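Keep in mind it's a predicted model, so treat the numbers as computed, not measured. These numbers come from the heavy atoms of this one structure, side chains and all, not from hydrogens, waters or symmetry mates.
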Amino acid sequence: RAADERLDALLGHRGAATVSLLFALSDGAKRFGVLRSQMGRMSQKTLVAELRALEQLGAVERIVFAEIPPRVEYSLTAAGEELVPLLRAVENGVRGAREGWSDMAVRTKQAIRQAFIELLNERPLDKISVKDIAERSTVNRNTFYYYYADIYALVEEIFQTETQLFMEKLHSYASWEEAFCEATAFVSENKRAVHHLFNSGNRNILEHYYHKVTYAAMLSYVRGQAEA
């Protein structure tokens, strides 16, 4: 229970620098100069303040050796050593939460994009609202606006993503014909959506996408033939 109370005090009143300092001391006692070099950009004033705070918390002790010149080292107390695995667990939990949030964000954006493409295959762009996309993807309007400024930003991202995926696989194609087939796969799979987009004010995004991928495919083929 004492360790839990110290952990609460540490997390509630100290920052990441204090935790980093505890981790730096976890592998043994160190002199002030060594700690300062390990703590990177932390100033001497801040390091002194952090060490004093940890001393007051009972997690660190200052050991003065009766030598000439005097030698001072800082080390974890038994209480400080108890804190280290608890802090590691908190750190791992935060990292896991961030990774989980990142995965959830990817899934949410994929759901929004898929819902929009489905709707665009059904009706013209000017007949699609954010409300329609939110309902189809089972998210609320605020979630949509968290990721996209508007529907036009969503359209741009879709084709930016398609372009990036095509460029990443460009060198794996055996021929320029195969590359062109891949470049036109989105059109083949979403003919009505592309038709609706072409007849809207966003046709320039579609044109830019195809200019870029077809040029990249032909350039890659020509270079490959030249090298051969």
Peer 1: Please indicate whether Arg123 has more than 12 foreign heavy atoms, meaning atoms of other residues, nucleotides or ligands, lying under 6.0 Å from its CZ.
Peer 2: yes
Peer 1: Between Ser137 (side chain only) and Ala115 (backbone N and O only), is there a donor and an acceptor less than 3.5 Å apart?
Peer 2: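 No; zero donor-acceptor contacts below 3.5 Å.
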Peer 1: Quick check on the hydrophobic clustering: are Ile63 and Val48 connected, directly or via other members, by side-chain heavy-atom contacts under 4.5 Å?
Peer 2: no
Peer 1: Do Phe32 and Leu51 have side-chain heavy atoms sitting under 4.5 Å apart?
Peer 2: yes
Peer 1: Using a 6.0 Å cut-off, check whether atom CZ of Arg71 has over 12 heavy atoms from anything other than its own residue.
Peer 2: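 For Arg71, atom CZ is crowded (more than 12 foreign heavy atoms under 6.0 Å).
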Peer 1: Give a yes or no on whether Phe23 and Met39 share a hydrophobic cluster (residues Ile, Leu, Val, Met, Phe, Trp, Tyr; joining criterion: side-chain heavy atoms under 4.5 Å apart).
Peer 2: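 Yes, because Phe23 and Met39 connect within a single hydrophobic cluster, where side-chain heavy atoms sit under 4.5 Å apart.
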Peer 1: Measure the CG-CD1 distance between Asn190 and Ile117 for me, rounded to the nearest 0.5 Å.
Peer 2: 5.5 Å
Peer 1: Can you hop from Phe65 to Leu25 via hydrophobic side chains spaced under 4.5 Å?
Peer 2: no
Peer 1: If two hydrophobic side chains count as joined below 4.5 Å and joins carry through other members, does Tyr152 share a cluster with Leu120?
Peer 2: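 Tyr152 clusters together with Leu120.
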Peer 1: Would you compute the distance between atom CD of Gln114 and atom CG of Leu119 and round it to the nearest 0.5 angstrom?
Peer 2: 10.0 Å
Peer 1: Transitively linked via ILVMFWY side-chain contacts under 4.5 Å: Ile112 with Tyr146?
Peer 2: yes
Peer 1: With rounding to the nearest 0.5 Å, note down the distance linking CD1 in Ile128 to CZ in Arg136.
Peer 2: 9.0 Å
Peer 1: Quick check for you: to the nearest 0.5 Å, what is the distance between Leu54 atom CG and Arg62 atom CZ?
Peer 2: 14.0 Å
Peer 1: What pair of heavy atoms forms the shortest contact from Glu61 to Leu76, and how long is it?
Peer 2: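 Shortest heavy-atom contact: OE2-O, 4.3 Å.
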Peer 1: Supply the atom-to-atom distance Ile151 CD1 to Leu125 CG, rounded to the nearest 0.5 angstrom.
Peer 2: 6.5 Å
Peer 1: Would you call Glu157 and Arg113 a salt bridge, using N to O less than 4.0 angstrom?
Peer 2: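 Looking at Glu157 and Arg113, the cut-off is met.
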Peer 1: Taking Arg192's backbone N and O only, do any of them form a donor-acceptor pair with His196's side chain (distance below 3.5 Å, no angle check)?
Peer 2: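 Side chain of His196 to backbone of Arg192: a pair is present.
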Peer 1: Please report the shortest heavy-atom distance between Ala24 and Gln38, naming the atom on each side.
Peer 2: CB-NE2, 4.1 Å
Peer 1: So does Tyr147 get a backbone contact from the side chain of Lys109, meaning a donor-acceptor N/O pair under 3.5 Å?
Peer 2: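 Side chain of Lys109 to backbone of Tyr147: no pair is present.
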Peer 1: So does Ser129 get a backbone contact from the side chain of Asp132, meaning a donor-acceptor N/O pair under 3.5 Å?
Peer 2: yes
Peer 1: To the nearest 0.5 Å, what is the distance between OG1 on Thr143 and CD1 on Ile133?
Peer 2: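 Here the rounded value is 13.0 Å.
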Peer 1: Do the non-hydrogen side-chain atoms of Tyr148 and Val130 ever get within less than 4.5 Å of each other?
Peer 2: no
